**Student:** 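Here you go, one structure.
Quantities reported herein were computed from a predicted structural model and do not represent experimental measurements. Numbers restart at 1 for each chain; the letters A, B, ... are given by sequence-line order, proteins then strands.
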There are 2 protein chains.
Amino acid sequence: MNHRTALDPETLTPSARRILITAAALFYDNGIAAVGVDRIAADSGVTKRTLYNRFGSKETLVATYLLERDRRWRALVERRVHRSARATERLLAPFEALGEWTVQHPRGCAFVNALAELPDPAHPAHRVIIEEKQWLRALFEQAAEEAGAERPDLLAARLYFVHEGALTAQATAPDLDAVEIATDLAHLLVRTAV
Amino acid sequence: MNHRTALDPETLTPSARRILITAAALFYDNGIAAVGVDRIAADSGVTKRTLYNRFGSKETLVATYLLERDRRWRALVERRVHRSARATERLLAPFEALGEWTVQHPRGCAFVNALAELPDPAHPAHRVIIEEKQWLRALFEQAAEEAGAERPDLLAARLYFVHEGALTAQATAPDLDAVEIATDLAHLLVRTAV
DNA sequence: ACGAGGTTTTACAGGTCAGTATAGGAAGGA
DNA sequence: TCCTTCCTATACTGACCTGTAAAACCTCGT
């Protein structure tokens with residue numbers, strides 16, 4: 001029952017769902033290595049046996065936690081993307097979504113934070129993290145093309161940096177209104193590039 | 001001998017210096033919680049007793065590791081700042097320094113990574129991290145004022161985001177030439193704002 | 001009625017964690 | 001000579017770590 005990849009967060013038993021919700025909060029708030037499986041099981045109101053029956057290993061639980069975060073974030077952004085008629089609006093969708101997102105996630109990017117603790121590329125969470133970042137960059141780049149930017153890859157990279165910087169700044173510079181400043185800057189960059 | 005703050009990295013005994021160098025590499029490469037004091041002592045060629053005689057606790061060793069990183073980074077940036085006659089050059093100094101820095105530090109920002117593992121504000125490393133970020137923002141803001149920007153605080157925040165984003169992207173998007181793109185973008189922002 | 005899947009309970013293995021105890025060796029200045 | 005500082009060596013504590021063992025209970029679909 002030792003999994004090498006993340007589980008599908010959609011098809012979990014009720015207990016597994018509770019475990020995942022509990023683990024997500026604990027991992028994000030305290031760091032991954034700092035949280036033991038005993039604590040996760042206890043806080044979920046579940047025995048450790050159940051945790052291992054459902055997830056097989058802590059590695060898999062971590063990967064599933066990040067995959068779940070990824071799904072939620074993508075859904076939030078894509079809802080706004082599909083609502084936007086103009087490509088320039090789609091370029092700004094991740095920044096608009098950031099406003100909702102950071103309210104519940106003030107400790108910076110869960111993926112960046114996790115990567116800091118998981119240097120091993122063989123860890124099943126690794127690919128989840130890398131793919132999340134690739135997805136965001138690809139979204140920027142496609143919208144940049146559709147908006148008619150001269151250098152879509154360059155505009156995408158710029159927006160990506162601003163986005164990541166604002167997300168990180170939530171944790172390191174809480175006195176800034178990072179989302180507002182970043183969104184405003186994104187507008188400027190889009191205007192300049194198209 | 002239990003310290004509540006970081007030690008001064010300048011005034012260490014030879015063994016303590018070796019410990020700090022070893023610990024810095026291990027912490028940055030593997031994460032802080034993942035590295036035990038036994039390993040640090042063994043890799044430094046030192047007994048655990050010596051480690052505790054010099055640093056008093058792992059907390060203090062971690063804080064001293066980050067303070068040392070902070071000193072080196074500030075020295076690198078300030079050398080370029082003092083070499084720059086124009087304020088617009090000083091605004092770009094951190095981006096120029098990034099080129100040298102990231103060669104040896106490809107896993108993103110050591111302070112952001114550490115903060116991901118250290119949520120407790122009472123941890124002695126916490127203030128080191130926050131002050132490093134405040135210092136960078138203050139440097140941007142002062143140079144922005146001297147350059148005659150209309151909104152120095154806004155320009156500083158923008159450059160800060162781009163800087164943090166590029167540093168993070170080293171770890172999450174290694175295919176990008178993050179330093180070049182960020183430096184180029186910084187030039188653009190400075191031109192736009194002054 | 002029966003079986004299967006999900007879960008509970010208690011206990012344990014084997015290892016690693018941060019930190020301490022105790023005792024002594026080596027060098028250098030007063 | 002004596003004292004202090006730095007360091008070595010070995011062993012230990014008590015807690016916590018991930019993961020497993022074995023047996024039984026509950027619920028639900030068929």
**Student:** Between atom CG in A:Leu51 and atom P in C:dG6, what is the gap in whole Å?
**Tutor:** 15 Å
**Student:** Write down the distance between CZ (B:Phe55) and C1' (C:dA18), rounded to a whole number of angstrom.
**Tutor:** 16 Å
**Student:** Taking the side chain of B:Thr50 as heavy atoms from C-beta outward, which of C:dT8, D:dT8, C:dG19 is closest to it?
**Tutor:** D:dT8
**Student:** Test your reading of the model: is there a side-chain donor-acceptor pair from A:Tyr28 to the backbone of A:Ala110, 3.5 Å cut-off?
**Tutor:** no
**Student:** Taking the ring centre of each residue, are B:Trp73 and B:His163 less than 6.0 Å apart?
**Tutor:** yes
**Student:** Could you tell me how far apart B:Lys48 (NZ) and C:dT20 (P) are, to the nearest whole angstrom?
**Tutor:** 10 Å
**Student:** Taking A:Leu7's backbone N and O only, do any of them form a donor-acceptor pair with A:Thr64's side chain (distance below 3.5 Å, no angle check)?
**Tutor:** yes
**Student:** Consider the side chain of A:Arg54, meaning its heavy atoms from C-beta on, and name the nucleotide among D:dT18, C:dG19, C:dT7 that approaches it most closely.
**Tutor:** C:dT7
**Student:** Pull out every residue in residues 25-42 of chain A that has a heavy atom closer than 4.0 Å to any atom of DNA chain C, ordered by number, or say none.
**Tutor:** none
**Student:** I'd like a table of donor-acceptor pairs (distance under 3.5 Å, sequence neighbours excluded) in which one partner is a side-chain atom from residues 186-194 of chain A, with atom names and distances.
**Tutor:**
unit_1, atom_1, unit_2, atom_2, d
A:His187, ND1, A:Thr183, O, 3.0
A:Thr192, OG1, A:Leu188, O, 2.7

**Student:** Rounded to the nearest 0.5 Å, how far apart are CZ of B:Arg17 and OG1 of B:Thr11?
**Tutor:** 8.0 Å
**Student:** Can you check each nucleotide of nucleotides 24-30 of chain C against protein heavy atoms at under 4.0 Å and return B for base, S for sugar-phosphate only, - for none, in 5' to 3' order?
**Tutor:** -------
**Student:** Would you say A:Thr47 places a side-chain N or O within less than 4.0 Å of OP1 or OP2 belonging to C:dT8?
**Tutor:** yes
**Student:** Figure out the CD/C1' separation between A:Glu59 and D:dC17, and round it to whole Å.
**Tutor:** 15 Å
**Student:** Between the base of C:dG19 and the side chain of B:Lys58, is there any donor-acceptor pair under 3.5 Å?
**Tutor:** no
**Student:** Please tell me if B:Ser57 has a side-chain N or O lying less than 4.0 Å from either OP1 or OP2 of C:dA18.
**Tutor:** no
**Student:** For the side chain of B:Arg49, starting at C-beta, report the closest nucleotide among C:dA18, C:dA21, D:dG19.
**Tutor:** C:dA21
**Student:** What is the distance from CD1 of B:Ile19 to C1' of D:dT8, rounded to the nearest Å?
**Tutor:** 12 Å
**Student:** Would you please confirm or rule out a distance under 4.0 Å between OP1 or OP2 of D:dC7 and any side-chain N or O of B:Ser15?
**Tutor:** yes
**Student:** Do other residues, nucleotides or ligands put more than 12 heavy atoms under 6.0 Å from the CD atom of A:Glu145?
**Tutor:** yes
**Student:** Taking the side chain of A:Val46 as heavy atoms from C-beta outward, which of C:dT8, C:dA18, C:dG6 is closest to it?
**Tutor:** C:dT8
**Student:** Find the distance A:Tyr52:OH to D:dA21:C1' and express it as a whole number of Å.
**Tutor:** 14 Å
**Student:** Mind checking the OH-CD spacing from B:Tyr160 to B:Glu141? Nearest 0.5 Å is all I need.
**Tutor:** 13.0 Å
**Student:** Just how far, in rounded Å, is P of D:dC17 from CG of A:Leu61?
**Tutor:** 14 Å
**Student:** With salt bridge (charged side-chain N to carboxylate O under 4.0 Å, His left out) as the criterion, how do A:Asp29 and A:Arg107 come out once you've worked through the C-alpha distance, each side chain's angles and the decisive distance to 0.1 Å?
**Tutor:** CA-CA 7 Å; A:Asp29 290 341; A:Arg107 290 197 73 241; 5.7 Å; no
**Student:** Step through it carefully: locate the ring centre of A:Phe27, locate the ring centre of A:Tyr65, and say whether they are under 6.0 Å apart.
**Tutor:** yes
**Student:** What verdict does the salt bridge (charged side-chain N to carboxylate O under 4.0 Å, His left out) test give for A:Arg80 and A:Glu100, after you've listed the backbone C-alpha separation in whole Å, the side-chain angles of each residue and the deciding distance to 0.1 Å?
**Tutor:** CA-CA 12 Å; A:Arg80 290 178 182 270; A:Glu100 275 183 55; 3.0 Å; yes
